[in-house]
Amino acid sequence: MEKVVIIGTGCAGLTAALYTARANLTPLVFTGTLPGGLLTTTSIVENYPGFPDGIDGYELMTRMQKQAERFGARVKFATLEAADLSKQPFVLTVDGEPVETQTLIIASGASHRHLDLESESLLERKGVTYCATCDGALPMFRNQPLVVVGGGDSACEEATYLTRFGSVVFLVHRRDTLRASKIMADRTLSNPKVKPIWNSVVTEILDVKQDKVTGVRLKNLKNDAEQVLDCAGVFVAIGHVPNTQLFKGAIDMDENGYIIPKRGSETNVTGVFVAGDCSDHVYRQAVTAAGLGCAAAIDAERHLAKLNQ
Ligand SMILES: Cc1cc2nc3c(=O)[nH]c(=O)nc-3n(C[C@H](O)[C@H](O)[C@H](O)COP(=O)(O)OP(=O)(O)OC[C@H]3O[C@@H](n4cnc5c(N)ncnc54)[C@H](O)[C@@H]3O)c2cc1C
């Protein structure tokens with residue numbers, strides 16, 4: 001039987017692995033389909049402390065994994081398919097095989113929603129991005145027209161943040177009012193650099209042939225009129241989906257599927273802890289996910305110490 005199983009190898013999971021490994025708990029860590037987590041999908045990470053020149057996302061995550069393995073973490077390329085958390089030990093189904101464990105750390109992250117356009121996936125990292133805090137300051141976006149897609153709090157935050165870098169920020173929203181909280185909407189719309197484009201959707205991101213973002217094709221949902229808007233970046237901010245569906249009914253979560261911790265990283269099920277973006281819809285940063293992974297590991301370790309004393 002395992003003492004600690006960790007679901008996910010993003011910043012949260014691998015930091016939890018490092019801490020539990022250094023506590024001699026030899027954690028078993030499952031990667032899921034995205035070993036290294038979301039940071040492996042980006043190039044340069046400039047805001048992770050300790051790297052004054054920035055670091056490639058893939059390299060950072062490879063180093064995190066090595067660091068955890070050095071102390072005894074066992075990282076396996078496998079996916080959790082089901083979890084019976086109704087009794088101790090917990091019984092997990094991982095790639096069809098049962099795994100028993102005393103504690104479980106859920107660090108399964110959140111996936112961003114896509115526009116589901118072919119041009120979007122072809123131009124990802126070539127001007128299409130899902131995180132203004134992460135990518136907004138990149139040279140390619142400086143003093144250029146930028147597009148933010150969405151109408152909620154995140155879209156407003158992204159648009160306002162991007163006014164520091166872009167020459168103008170077009171906020172493209174499918175309705176004629178923002179969904180965001182009033183204060184956030186007012187702040188965004190009163191910014192002279194934000195230009196809302198109402199009742200519109202992006203139908204294509206240009207220009208796949210040039211292999212970089214040069215504009216977007218928009219369709220007005222009221223009158224079907226089309227227009228092309230020049231821009232150097234498209235920031236898609238239409239929400240995230242936490243990877244928590246497997247735990248629905250067993251673990252307390254909000255209406256959007258984010259796990260709600262009870263105290264610290266503890267969930268409503270004793271022995272199950274949570275860390276990272278699957279419980280955090282506010283900060284969603286590598287360093288915060290790592291911090292939460294550390295907290296979950298310490299909580300799991302203390303729980304095991306009590307159980308086994
Ligand atoms: C393009 C991009 C650029 C970014 N750039 C930055 C940046 O510059 N700086 C910054 O601070 N943040 C950045 N971020 C945000 C950062 O990547 C996230 O905040 C961070 O990765 C969250 O870590 P996490 O461990 O919570 O989740 P994730 O990194 O999402 O990892 C989740 C892990 O869980 C695994 N998993 C999911 N379901 C299962 C399952 N059923 N079984 C097993 N494993 C499972 C996945 O395979 C993955 O390994 C960026 C995000 C994106 C998308």
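Order of appearance sets the numbers: ligands from 1, and atoms from 1 within every ligand. What you see is a predicted model; the values in this text were computed from it and never measured.
Side-chain contact, Ser265 with Asp299: a donor N or O sits under 3.5 Å from an acceptor N or O. Residues Asn243 and Ser111 have side chains that bring a donor and an acceptor to within less than 3.5 angstrom of each other. Side-chain contact annotation: Ser167 with Asn143, donor-acceptor N/O pair under 3.5 Å absent.
Annotation: Glu46 places no N or O atom under 3.5 Å from an N or O atom of ligand 1; distance criterion only. Checking only distances, Cys11 does come within under 3.5 Å of ligand 1, N or O to N or O. When only interatomic distances are considered, the shortest N/O to N/O separation between Asp135 and ligand 1 does not fall below 3.5 Å.
Contact annotation: for Asn47 versus ligand 1, heavy atoms closer than 4.0 Å belong to the side chain alone. Contact annotation: for Thr129 versus ligand 1, there are no heavy atoms closer than 4.0 Å. Contacts between Ala289 and ligand 1 below 4.0 angstrom, taking non-hydrogen atoms only, involve the side chain exclusively. Contacts between Glu81 and ligand 1, counted as non-hydrogen atom pairs separated by less than 4.0 Å, are absent for every part of the residue. Under 4.0 Å from ligand 1, the heavy atoms of Ala107 that appear belong solely to its backbone.
Taking 4.0 Å as the cut-off between side-chain N and carboxylate O, Arg284 and Asp280 do not count as a salt-bridged pair.
Listed by number with element, the atoms of ligand 1 under 4.0 angstrom from any heavy atom of Thr33 are 47 (O). With ligand atoms numbered from 1 in the order given, ligand 1 contributes 25 (O), 26 (O) to contacts under 4.0 Å with heavy atoms of Ala12.
Heavy-atom separations between Tyr130 and ligand 1 are all 4.0 Å or longer.
Checking each of Val147, Ile197, Val149 against Leu218 for a side-chain contact (heavy atoms from CB on, under 4.5 Å) leaves exactly one that passes, namely Ile197.
Given atom 49 (O) of ligand 1, the protein heavy atom at minimum distance is Leu34 O, 2.7 Å.
Between His114 and Tyr130, the gap from one ring centroid to the other is short of 6.0 Å.
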